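All of these numbers come straight from a predicted model, not from anything done at the bench.
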Amino acid sequence: MSQTDLPITSVAIVGGGLIGASWAALFTAGGIDVTVWDPDDNALNAFRPRMLAARKQLAQLGLRGRGKVKLFKRLSAAVSGADLVQENAPEKIDLKRRLYGDIFNAAPDVIVASSTSSFAWSDLTQGVAKASQVVVAHPFNPPHLVPLVELFGSDDAVVRRLMAFYEKLGKVPVRMKKEAPGHIANRLASALYREAVNIVAEGIADVADVDKALVEGPGLRWSIQGAHMTYHLGGGEGGIRHYLDHLGPSQEKRWESLGNPRLSPEVKDAIVRGVDAEAAGRSIADLSAERDAALLATLKLRAKLR
């Protein structure tokens, strides 16, 4: 069995903030041993409570593996025995590149999976000696609950090995054919949010009604079928070909009417006022708890439907 075919059985978390703790919860719930490094003592002190809170949520989904966690104050000690490093460092390109050099000095054969939401693979790996062992592996927050992980790398065997690992843990990896800023899902989200901001800026609707229209309308369908499949059904018996041929012009007309708003002080103030009104006094912690409870209920229902 070649190195690229070996299963991944140990993971080092580099960057122990919210994303790192969420990843660690998923890995340990899947029976994977985890080592953790962060240069910030406060992050390390908060790591176990954050991870355990996420583990309680995963237990509701039947994920109760007994992977172990060890915290380290030296990066080399944390990564030296790992098959995979899940990197969650701040979005600073020079910092990430320096980390990769230090990681490969301590563990020459390890795969580095970056949780970056903004950097392309070619940016991350510029000047990195073992670039083929670096893979963009962008999750959606919170990673322990949202299945998606977007992958891009230069070595097919490395990417396939990582895909198999994530799939075994219940993640849904999507492999990009070529890199793009924001990857896939954030580009889609950004396109939608641009128009959500434009609708508020143009006075078409307020913040709460924009969110309500999305959640109670297309968002409900999109959680079951994506945009392309939704329009395939919209084409009736003729499917997507009929839709594009006969309704495509109306779609193009709507595209032409979409806005390109600027985040001026006035627009920012309108959005902040609207979000504050919609939150109705609920804190970020309250809203996050509501979100996670709804995600858990949705995941349980999807499991039953399958």
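- Ring geometry for Phe27 against Trp23 counts as parallel: the plane angle stays under 30°, on a 0 to 90° scale with 60° as the upper cut.
- Looking only at distances, a side-chain donor or acceptor of Arg64 sits under 3.5 Å from a matching main-chain atom of Ala59.
- For Glu237 and His242, the side-chain atoms include no donor-acceptor pair closer than 3.5 Å.
- Checked by atom type and distance alone, the side chain of Asp286 pairs as donor or acceptor with a backbone atom of Ser283 at under 3.5 Å.
- When all heavy atoms of Ala180 and Met176 are compared, the closest pair comes out as N-CE, 3.6 Å.
- Heavy-atom contacts from other residues, nucleotides or ligands closer than 6.0 Å to CG of Leu301 number more than 12.
- Looking only at side-chain heavy atoms (C-beta outward), Val85 and Ile111 stay at 4.5 Å or farther from each other.
- Here the straight-line distance linking atom CD of Gln133 with atom CD1 of Ile103 works out to 11.5 Å at 0.5 Å rounding.
- A donor and an acceptor atom, one from each side chain of Arg262 and Ser264, are nowhere located under 3.5 Å apart.
- The line from OG1 of Thr298 to CG of Leu305 is 10.5 Å long, rounded to the nearest 0.5 Å.
- Between Lys73 and Asp41 the shortest side-chain heavy-atom distance falls below 4.5 Å.
- Arg194 places no side-chain N or O within 3.5 Å of a backbone atom of Leu258 that could act as its donor or acceptor partner.
- Using a 4.5 Å heavy-atom threshold, the side chains of Pro142 and Asp292 count as touching.
- Asn88 and Ser115 form a side-chain donor-acceptor contact under 3.5 Å, judged by distance and modelled atom types alone.
- Taking both residues in full, the closest heavy atoms of Pro90 and Lys96 are given as O-CE, 3.4 Å, listed atom of the first, atom of the second, then distance.
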Mind running side-chain contact (heavy atoms from CB on, under 4.5 Å) on Val34 and Lys68 for me, showing each step along the way? CA-CA 6 Å; Val34 169; Lys68 299 176 182 177; over 6 Å; no
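- In this structure, Trp121 has its ring center no closer than 6.0 Å to that of Tyr100.
- Residues Phe72 and Val79 form no side-chain contact, since every pair of their non-hydrogen atoms from C-beta on lies 4.5 Å or further apart.
- Here Glu150 does not pair with Arg175 in a salt bridge; the nearest charged N to carboxylate O distance is not below 4.0 Å.
- Considering every non-hydrogen atom in both Lys268 and Leu263, the closest pair reads CE-O, 3.2 Å.
- One finds the CE atom of Met163 at 6.0 Å from the CG atom of Leu151 (value rounded to the nearest 0.5 Å).
- Rounded to the nearest 0.5 Å, atoms OG (Ser223) and CZ (Arg302) are 7.0 Å apart.
- The distance from the CD atom of Gln251 to the CG atom of Leu244 is 9.0 Å, given to the nearest 0.5 Å.
- Listed here is the closest heavy atom pair of Gly15 and Ile13: O-CG2, 3.4 Å.
- Judged by distance alone, the side chains of Asp83 and Thr9 do bring a donor and an acceptor atom under 3.5 Å apart.
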Please report the C-alpha distance between Val110 and Phe104 in whole Å, then the side-chain angles of each, then the deciding distance to 0.1 Å, and finally whether the side-chain contact (heavy atoms from CB on, under 4.5 Å) criterion is met. CA-CA 7 Å; Val110 78; Phe104 288 130; 4.0 Å; yes
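- By the 4.0 Å N-to-carboxylate-O rule, Asp102 lies too far from Arg98 to be salt-bridged with it.
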Residues Val112, Val135; criterion side-chain contact (heavy atoms from CB on, under 4.5 Å); working and verdict: CA-CA 6 Å; Val112 176; Val135 178; over 6 Å; no
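- When only modelled atom types and interatomic distance are considered, Ser114 and Glu87 share a side-chain donor-acceptor pair under 3.5 Å.
- Separating the NE2 atom in His144 from the OG1 atom in Thr28 is a distance of 10.5 Å, to the nearest 0.5 Å.
- Counting heavy atoms from C-beta on, the side chains of Ile8 and Tyr166 never come closer than 4.5 Å.
- Put simply, the side chain of Leu220 does not reach to within 4.5 Å of the side chain of Glu216, judged on heavy atoms.
- Between Val14 and Leu75 the shortest side-chain heavy-atom distance falls below 4.5 Å.
- Side-chain heavy atoms closer than 4.5 Å link hydrophobic residues (I, L, V, M, F, W, Y) into clusters, and following such links, even through other members, never connects Leu214 to Leu295.
- Other residues, nucleotides and ligands contribute at most 12 non-hydrogen atoms within 6.0 Å of the NZ atom of Lys212.
- With salt bridges taken as basic N to acidic carboxylate O contacts below 4.0 Å, one links Arg282 and Glu290.
- Across every non-hydrogen atom of Gly16 and Val36, the tightest pair is CA-CG1, 4.5 Å.
- Under a 3.5 Å cut-off, the side chain of Asp155 and the backbone N or O of Ser132 do not form any donor-acceptor pair.
- Between Ala54 and Ala25 the shortest heavy-atom distance is CB-CB, 3.5 Å.
- Annotation: Glu167, atom CD; neighbour count of heavy atoms from other residues, nucleotides and ligands within 6.0 Å is above 12.
- Open room surrounds CZ on Arg241; 12 or fewer heavy atoms of other groups in view lie less than 6.0 Å from it.
- The shortest distance between side-chain heavy atoms of Phe119 and Val136 does not fall below 4.5 Å.
- Salt-bridge formation is detected for the pair Asp94/Arg97: a Lys NZ or Arg NE/NH1/NH2 atom is positioned less than 4.0 Å from an Asp or Glu carboxylate oxygen.
- Linking ILVMFWY residues whenever their side-chain heavy atoms come closer than 4.5 Å, directly or via other members, leaves Leu162 and Val172 in distinct clusters.
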Which is it for Ile240 and His228 under the side-chain contact (heavy atoms from CB on, under 4.5 Å) test, yes or no, and what are the steps along the way? CA-CA 8 Å; Ile240 189 64; His228 291 299; 5.7 Å; no
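- Counting only N and O atoms by type, the side chains of His138 and Ser117 include no donor and acceptor under 3.5 Å apart.
- There is no path of hydrophobic side-chain contacts, each under 4.5 Å, that joins Leu18 to Leu26.
- No single ILVMFWY cluster, assembled from side-chain heavy atoms under 4.5 Å apart, contains both Tyr231 and Leu233.
- Both Val69 and Leu44 are members of a single hydrophobic cluster when ILVMFWY side chains are connected at heavy-atom separations under 4.5 Å.
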